[in-house]
Structure formats: structure tokens, C-alpha cells
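Structure first, then comments.
Here is how names work: the chains are called A, B, and so on, in the same order as the sequence lines, proteins then strands, and each is numbered from 1.
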Number of protein chains: 2
Amino acid sequence: MATGRNHRPATRSRGIPEATVARLPLYLRALTALSERSVPTVSSEELASAAGVNSAKLRKDFSYLGSYGTRGVGYDVEYLVYQISRELGLTQDWPVVIVGIGNLGAALANYGGFASRGFRVAALIDADHAMTGAQVAGLPVQHVDDLETIIRTNGVSIGVITTPGSAAQQVCDRLVGAGITSILNFAPTVLSVPDGVDVRKVDLSIELQILAFHEQRKATDELARNGGPGPSGAPPDDQGPEGDIPAVMPA
Amino acid sequence: MATGRNHRPATRSRGIPEATVARLPLYLRALTALSERSVPTVSSEELASAAGVNSAKLRKDFSYLGSYGTRGVGYDVEYLVYQISRELGLTQDWPVVIVGIGNLGAALANYGGFASRGFRVAALIDADHAMTGAQVAGLPVQHVDDLETIIRTNGVSIGVITTPGSAAQQVCDRLVGAGITSILNFAPTVLSVPDGVDVRKVDLSIELQILAFHEQRKATDELARNGGPGPSGAPPDDQGPEGDIPAVMPA
DNA sequence: TAGATTGTTAATCGATTAACAATC
DNA sequence: TAGATTGTTAATCGATTAACAATC
């Protein structure tokens with residue numbers, strides 16, 4: 001397998017669809033905010049709105065976890081926080097290692113949200129000897145030569161790769177070799193991993209390109225509606241795929 | 001709308017499905033690597049493998065763009081690079097503004113991949129007066145008071161938010177007010193934006209939580225297979241959703 | 001022509017959504 | 001009881017995939 005999102009293909013892990021799993025953290029975040037404001041209960045409508053989804057989807061998602069609500073009342077905030085946390089595995093401690101302590105690695109090491117929810121930066125690793133021993137976010141940078149030892153010693157099961165793309169696969173292989181089965185990859189590289197290893201990727205460049213696509217389309221639509229060469233009243237619909245082969249006007 | 005991915009709901013923009021759009025950058029990256037190695041043509045099988053998808057999916061994706069391949073031969077690398085670039089809108093220049101120049105904002109400003117593909121960091125903005133004028137990645141940090149002017153002057157259409165979560169919505173509102181219609185949000189916040197504005201989010205914490213879910217499940221499965229309390233030979237399948245209500249052994 | 005590979009079809013699968021019966 | 005809201009059903013929609021005819 002080599003994709004960035006290779007859980008068991010099409011397996012709805014323990015019956016929970018992937019799409020639902022991906023939304024549980026959103027619900028949890030919204031619930032945590034409610035909890036901090038000491039709100040005791042919340043309806044699917046309110047919570048869905050806070051999480052930015054529609055309420056039918058939220059209720060369907062929760063139905064995979066069990067029947068944790070009360071008809072006519074809503075959901076108990078604290079209880080749901082606990083149930084979702086448990087479901088996501090956040091009631092235990094997850095030591096994380098960050099490999100590649102450049103600008104991004106340092107930013108992540110300093111990121112507070114890490115520690116808040118069960119995750120703990122156990123070690124920082126870099127290939128540059130000159131960095132070894134330097135303190136980043138209160139932790140010493142260790143050399144990649146000791147990667148396997150560091151992982152085994154700290155019982156790390158999640159690795160974050162923030163190296164240059166050219167080093168990512170090699171680092172990945174060593175992480176996997178050392179027993180790591182979950183990887184968050186910030187390098188712009190498709191990683192190959194054996195079955196049973198989960199990879200998720202965060203790719204700034206891809207996100208920007210997707211935005212650019214839509215941005216371009218908006219501009220094209222705008223042109224078609226207003227300044228467009230066709231008769232006014234051109235439909236607000238999309239043009240054909242060839243930007244330079246007009247679909248709404250005669251050739 | 002308030003979700004992190006609100007393109008026109010279910011609209012396959014100009015006929016290209018969202019899922020396909022999201023993969024085009026992957027194909028483009030693989031093709032660019034081939035181009036740099038002066039590889040003239042590539043088959044769907046080879047390219048799919050490099051991009052980490054299956055070849056049927058790739059061919060289906062390309063079919064939305066047009067018929068750019070040659071049966072029995074494959075795809076012309078240079079031609080495909082051009083077509084996908086054009087489709088994604090990368091043949092034009094996209095000035096980007098980064099708001100929030102902390103660790104992460106600075107990391108992004110320094111990120112080389114930005115410039116490579118049509119994107120150009122036009123300005124860095126921060127709310128801290130003490131930072132104003134400081135040089136980051138060769139650019140002066142400007143104050144958020146001037147946000148609207150900066151955006152209009154530079155013709156910026158894409159905004160990247162790397163502020164703390166508490167400031168994100170407010171910054172978002174000002175970006176939108178200044179005419180920005182595409183936002184990449186790194187803050188752990190659900191942004192509300194009017195129709196016509198695209199938001200994509202990158203959320204470290206959510207990615208880690210999804211990994212933790214799968215990691216936990218792997219551990220549970222492992223336990224069920226080996227050290228589990230039931231009779232040996234317990235199925236490798238998932239347990240029920242309640243981690244503490246055994247599904248494979250008698251109560 | 002023979003071999004290779006695309007582009008498309010059709011089946012399948014997973015995700016979303018509205019609607020509403022169940023029930024607090 | 002009346003009102004509110006969940007949990008579930010069923011319809012719909014979009015995405016994936018294998019298979020293969022078209023064709024280079």
C-alpha cells in the first residue's frame with residue numbers, strides 16, 4: 001500500500017465508518033467547549049451547528065457509537081465527551097516522536113494542542129549533528145542514529161515526519177522497522193508502508209492547489225456571468241472542461 | 001455554511017468530482033518528477049503506482065479532463081503536466097497572504113513548496129505590534145490593522161490563517177470582508193463563511209486523533225488474537241464498540 | 001497483425017440526507 | 001398529555017473498481 005490514507009480498505013473499523021471516525025474529533029472539540037462553559041446537555045441540532053455539520057449526519061454518526069442521547073432532551077455533554085474520548089483512544093497516553101526539526105518540526109513541537117489531548121511529544125529527532133542537544137520546546141534534539149532506541153525506550157507508537165521530501169521514505173522505513181504503526185506525514189511524498197501501518201498526510205501544497213482550482217472556477221463563472229463574451233444572461237453554471245473552448249457561445 | 005470543506009454542496013465543479021480534484025495535485029507531483037527525469041511517456045499503471053492510487057481510478061479521473069492518452073502507448077508526460085496545471089489553475093500566479101506569524105506561520109513562509117507552483121507569499125500579517133517590520137523569510141511582517149489595504153493592493157485571493165484559534169474567526173471575517181474567497185485554515189476552529197467562500201482546513205490534532213483511533217483498534221485486535229482472555233484462535237475481526245464489554249468471550 | 005493500454009461501462013460500495021416513528 | 005428530540009429507515013447520491021471494447 002502506498003496511499004496517504006490506507007486503513008484496511010473499505011473496512012469500517014469495528015463497525016464505525018471512516019467518515020464518522022474523521023468527524024468524532026470535531027464533535028469532541030465542540031463538546032469540550034460546551035463542557036468548559038458548564039453546559040449540561042446539548043441537542044443534536046446545537047452540537048451539529050457548532051461542529052459545522054448537519055444534525056442528521058451527527059445523529060447517524062452517534063448511532064454507531066451507541067444510544068447515548070435521551071429523546072426529547074438531547075445529549076449529556078460530559079458523558080458524550082467521555083464516550084467519544086474513549087472511542088478515539090484518548091483516555092490513554094500516546095507518546096509521539098517528531099522527526100525533522102526544521103521550522104515546521106519546531107512549530108509542531110511548540111504546538112500546545114499536542115499535549116492537551118492524550119498526545120505527548122516524547123522525543124525530537126534530526127539528522128543534523130549540529131542540532132543534537134539543542135533545546136526545542138524544552139526538549140533536547142536527538143540524532144537520527146538513535147531513532148530505533150529512542151522509539152523503543154519511549155514506547156512510541158505514532159511518528160510525525162517533518163523532514164524534507166527526499167528523506168521521508170527512508171525515515172518512514174526506519175520508523176516502521178522500529179515498530180511504529182501510525183505515521184503523520186508532512187513531507188510532500190507518497191509513502192510506501194506495509195499493511196497494518198496507517199499513514200495520514202498533511203500537504204500544504206495540495207490544499208492550496210485544490211483552493212486554486214475552485215478559485216479559478218469562480219473567476220471563470222464570474223466572467224461568464226458578467227464580462228463574458230456571450231449574450232448577457234449567460235447561465236451561472238460551469239463551462240465545459242476546456243477553458244478555452246467556449247461552451248456557451250457559438251464558435 | 002460552516003464546515004471546513006464547503007464547495008458548492010455536491011456540485012461536481014465543471015463536471016469534475018471533488019474526489020478527482022483532490023487527486024490531481026498528486027498526479028501532477030508524480031508527473032513533475034517524471035518530467036525532471038526526462039521520461040517522455042507513462043502508462044496509467046506506472047503513474048498510478050507513483051501517485052499511490054489504483055490505475056482504474058486514475059484513468060477515470062483523467063477521463064473527466066478529456067482524452068489525453070494514447071491507447072497502447074500511455075500518456076505524454078509534458079502534455080499531461082500542462083493540462084493538469086491548467087485545470088488546477090496553476091498556470092497563473094496566486095498571491096497568498098499568511099496571517100499569524102508564530103512558529104507555524106513562519107514555517108509556512110519559509111516553505112519552499114509554496115513558490116514552486118504558482119503560489120507566491122505576497123504578505124505576512126500579525127497582530128503583534130512588536131513584530132511589525134521584522135523580517136521573516138525575507139518579507140517584512142505587517143500589522144493586521146492594514147489587512148484590508150494589503151489584500152487589495154496585492155490582489156490577494158487566498159488567505160492562510162495560522163493564528164491562535166481564538167482569533168481565527170475574526171481574521172476570517174476580515175479576510176472575507178476584504179474580498180478573499182479561498183481560505184486555508186490551520187487554526188483549530190470551525191470557520192463560518194458566506195456562500196461562495198471556500199475553506200479548507202489542516203488540523204494536526206484531528207489527524208492525530210484519527211491515528212489514535214486506528215492505533216487503539218490495532219492494539220485491541222492484537223489482544224484479541226494473542227493475549228486475549230478468550231479461547232485461543234479468537235477471530236481477527238473487530239470487537240464490538242464497547243471496549244470493556246467483551247464480545248468474544250462469555251460474560 | 002499482435003500486443004499493449006486507454007477510455008468507458010456497469011456493478012458495487014460507502015456516505016449523506018430527509019423523514020418519521022419511537023419515546024423521553 | 002403535549003412538545004421535543006432521538007435513533008433508524010430508506011432513498012439518493014457520489015466514489016470506487018473490475019472488466020473489456022476500442023484503438024493505437
Would you mind reading off the distance between [X] atom [atom1] and [N] atom [atom2], rounded to a whole angstrom?
| X | N | atom1 | atom2 | result |
| --- | --- | --- | --- | --- |
| B/Tyr64 | C/dT6 | OH | P | 17 Å |
| B/Glu18 | D/dA15 | CD | C1' | 12 Å |
| A/Tyr68 | D/dT8 | OH | P | 12 Å |
| A/Glu46 | D/dA4 | CD | P | 13 Å |
| B/Ile16 | D/dG14 | CD1 | P | 15 Å |
| B/Leu58 | C/dT6 | CG | P | 8 Å |
| B/Gln83 | C/dG7 | CD | C1' | 16 Å |
| B/Asp61 | D/dA15 | CG | P | 10 Å |

Do any N or O atoms from the side chain of B/Gln216 and from the backbone of B/Phe213 form a donor-acceptor pair under 3.5 angstrom?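 Side chain of B/Gln216 to backbone of B/Phe213, a donor-acceptor pair under 3.5 Å: no, none is there.
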Classify the side-chain pair [X]/[Y] by whether it contains a donor and acceptor separated by less than 3.5 Å.
| X | Y | result |
| --- | --- | --- |
| B/Gln209 | B/Ser205 | yes |
| A/Glu78 | A/Ser35 | yes |
| A/Thr91 | A/Arg86 | no |

Please work out if B/Tyr75 contacts a base, only the sugar-phosphate, or nothing of the nucleic acid, heavy-atom cut-off 4.0 Å.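 B/Tyr75: backbone/sugar contact only, no base atoms under 4.0 Å.
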Indicate, with a heavy-atom threshold strictly under 4.0 Å, whether A/Ala19 touches base, sugar-phosphate, or nothing.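 Result for A/Ala19 = sugar-phosphate.
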Measuring from the side chain of [X] (C-beta onward, heavy atoms only), which nucleotide among [options] has the closest atom?
| X | options | value |
| --- | --- | --- |
| B/Pro17 | D/dT8, C/dA10, D/dA15 | D/dA15 |
| A/Lys57 | D/dT16, C/dT17, D/dG7 | C/dT17 |
| B/Arg71 | C/dC20, C/dG7, C/dA18 | C/dG7 |
| B/Asn54 | C/dA15, D/dA18, D/dA15 | D/dA18 |
| B/Lys60 | D/dT6, D/dT17, C/dT17 | D/dT17 |

[N], OP1 or OP2 - any side-chain N/O from [X] closer than 4.0 Å?
| X | N | answer |
| --- | --- | --- |
| A/Arg23 | C/dT16 | yes |
| A/Ser44 | D/dT5 | no |
| A/Thr70 | C/dC24 | no |

Does the side chain to side chain contact (heavy atoms under 4.5 Å, CB included) test come out yes or no for A/Arg29 and B/Asp203, once each step is laid out? CA-CA 12 Å; A/Arg29 183 176 286 159; B/Asp203 196 312; 2.7 Å; yes
Considering every strand shown, what is the Watson-Crick or G-U wobble mate of C/dA21 when both distances are under 3.5 Å?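 Answer to the pairing question: D/dT6, which forms a Watson-Crick or G-U pair with C/dA21.
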